[in-house]
Protein chains: 2
Amino acid sequence: MNTTDFDPIESLNFLTNRVSRLLTSRLKVLLGRSDFELPTQCASILADLWKQDGLKQQDLAIAAIKDKATIARALNLMEQHNVIVRRIDEKDKRNKKIFLTYKGVELQQRIWLTSIEISKEATQGISKEEVEICKKVLKSMYNNLKK
Amino acid sequence: MNTTDFDPIESLNFLTNRVSRLLTSRLKVLLGRSDFELPTQCASILADLWKQDGLKQQDLAIAAIKDKATIARALNLMEQHNVIVRRIDEKDKRNKKIFLTYKGVELQQRIWLTSIEISKEATQGISKEEVEICKKVLKSMYNNLKK
DNA sequence: CAAAAATCGTTGCTTTTGCAACGGACTACA
DNA sequence: TGTAGTCCGTTGCAAAAGCAACGATTTTTG
């Protein structure tokens, strides 16, 4: 085992971590310009709510791979800003279901458009085929690791 | 623009974020078993030091895309645990150069081996060619976004 | 049917992180 | 040469995030 064999930039852990961080910080900058008054993390939650209105908090915590307390506090903020609404699940009163308000949907649109813009910046000079393969591999890794 | 067009799992931001988080949490679990007494973030710093002993703190902050104060505190911990040594750069006394101790090198080895193991888990069922393309694309994105 | 175990969201506490301000050291320019 | 501006690491402070414990509710089990 030779020390010089290893290069951090060849490690998937390193690469996904840095790219993710750079994409998020770019998102923060671009959203900040158009008075996005919430912490960037909320953008991630909004994305998860995209196709699945009515999720409970626990679902969101799992989807975001974060602690449920962290999600609860983010939702508090979003509720204060009238971006989401919490409603108790009558079928199981332990759960609170999360719904987007009209303002929340608007925010989603803005985040969506901005992410697309950032993806274009990020994949400049890379062929579409290769980007697609990259996404496919990431999806497989996600499924492998998700448990 | 139709709401149903969007699926978060198709977004590079989402994918890199989740895969990175899952890889890191797996790393935390596996290192935890073999009494890795430092916060997981230190593993990332150790990786950056792999090929470039003698970096200054600012370099590490940039490499890790984190605040220099955050790095300084992580280095404090690592110094307390005799994993690294700080030495003032005599040529420019503003800088402190970071060097690994013997114990630090040992740690690196352990982290390296563990990352390889995790990568194997994560890429199970994916062809090597596609994994390579994925890494290549991530590297390009990294360079595009790094500025 | 009753008691034990599990699930969900909240709260308190601690750790981690980033931002801003500071002092010490170097550089550039007049 | 000296003065202003820049760069580096540290510290104080505030925001963000995880862990553990709790009450309320539901499910399981005997």
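Here is the naming used below: chain letters follow the sequence lines, and residue numbers restart at 1 for every chain.
In terms of the side chain to side chain donor-acceptor pair (under 3.5 Å) criterion, B/Lys103 has no residue partners (sequence neighbours excluded). For A/Ser25, the side-chain contact (heavy atoms from CB on, under 4.5 Å) test picks out no residue, with sequence neighbours left out. With sequence neighbours excluded, the residues that form a side-chain contact (heavy atoms from CB on, under 4.5 Å) with A/Val29 are A/Arg26, A/Arg33. Among residues two or more places apart in sequence or in another chain, the side-chain contact (heavy atoms from CB on, under 4.5 Å) test is passed with A/Thr114 by A/Leu27, A/Leu30, A/Leu31, A/Ile118. With sequence neighbours excluded, the residues forming a side chain to side chain donor-acceptor pair (under 3.5 Å) with B/Asp92 are B/Arg94, listed by chain and number. In this view, B/Lys28 satisfies the side chain to side chain donor-acceptor pair (under 3.5 Å) rule with no residue, not counting sequence neighbours.
We find that B/Asp48 and A/Arg18 are joined by a salt bridge, their nearest charged nitrogen and carboxylate oxygen being less than 4.0 Å apart.
Protein chain B contacts DNA chain C from C/dT16 to C/dC26, reading 5' to 3' and using non-hydrogen atoms of the protein with a distance under 4.0 Å. For DNA chain D, the outermost nucleotides in 5' to 3' order that have an atom under 4.0 Å from a heavy atom of chain A are D/dA16 to D/dT26.
Residues B/Ser119 and A/Asn13 fail the side-chain proximity criterion, which asks for heavy atoms closer than 4.5 Å. A/Ile133 has its side chain out of reach of B/Val137: every pair of non-hydrogen atoms, C-beta onward, lies at least 4.5 Å apart.
Non-hydrogen atoms lying under 4.0 Å from DNA chain D are contributed by B/Arg86, B/Arg94, B/Asn95, B/Lys96, all within residues 80-101 of chain B. At a non-hydrogen distance threshold of 4.0 Å, nothing from residues 13-30 of chain A comes into contact with DNA chain D. Looking at residues 62-71 of chain B, you'll see B/Lys68, B/Ala69 sit with a heavy atom under 4.0 Å from some atom of DNA chain D.
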Atom pairs and distances, side-chain donor-acceptor, residues 54-66 of chain A, under 3.5 Å, sequence neighbours left out:
{"unit_1": "A/Gln57", "atom_1": "OE1", "unit_2": "A/Arg86", "atom_2": "NH1", "d": "2.7"}
{"unit_1": "A/Asp59", "atom_1": "OD2", "unit_2": "A/Lys56", "atom_2": "N", "d": "3.4"}

Side chain to side chain contact (heavy atoms under 4.5 Å, CB included) between A/Met141 and B/Val131, worked out: CA-CA 10 Å; A/Met141 290 176 65; B/Val131 172; over 6 Å; no
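A donor-acceptor pair under 3.5 Å is absent between the side-chain atoms of A/Thr123 and the main chain of A/Ile126, judged by distance alone.
By the neighbour-count criterion of 12 heavy atoms within 6.0 Å, atom NZ of A/Lys136 is sparsely surrounded, having that number or fewer from other residues, nucleotides or ligands. Annotation: A/Ile116, atom CD1; neighbour count of heavy atoms from other residues, nucleotides and ligands within 6.0 Å is above 12.
Residues B/Val105 and B/Ile111 fall within the same hydrophobic cluster, defined by Ile, Leu, Val, Met, Phe, Trp and Tyr side chains chained together at heavy-atom separations under 4.5 Å.
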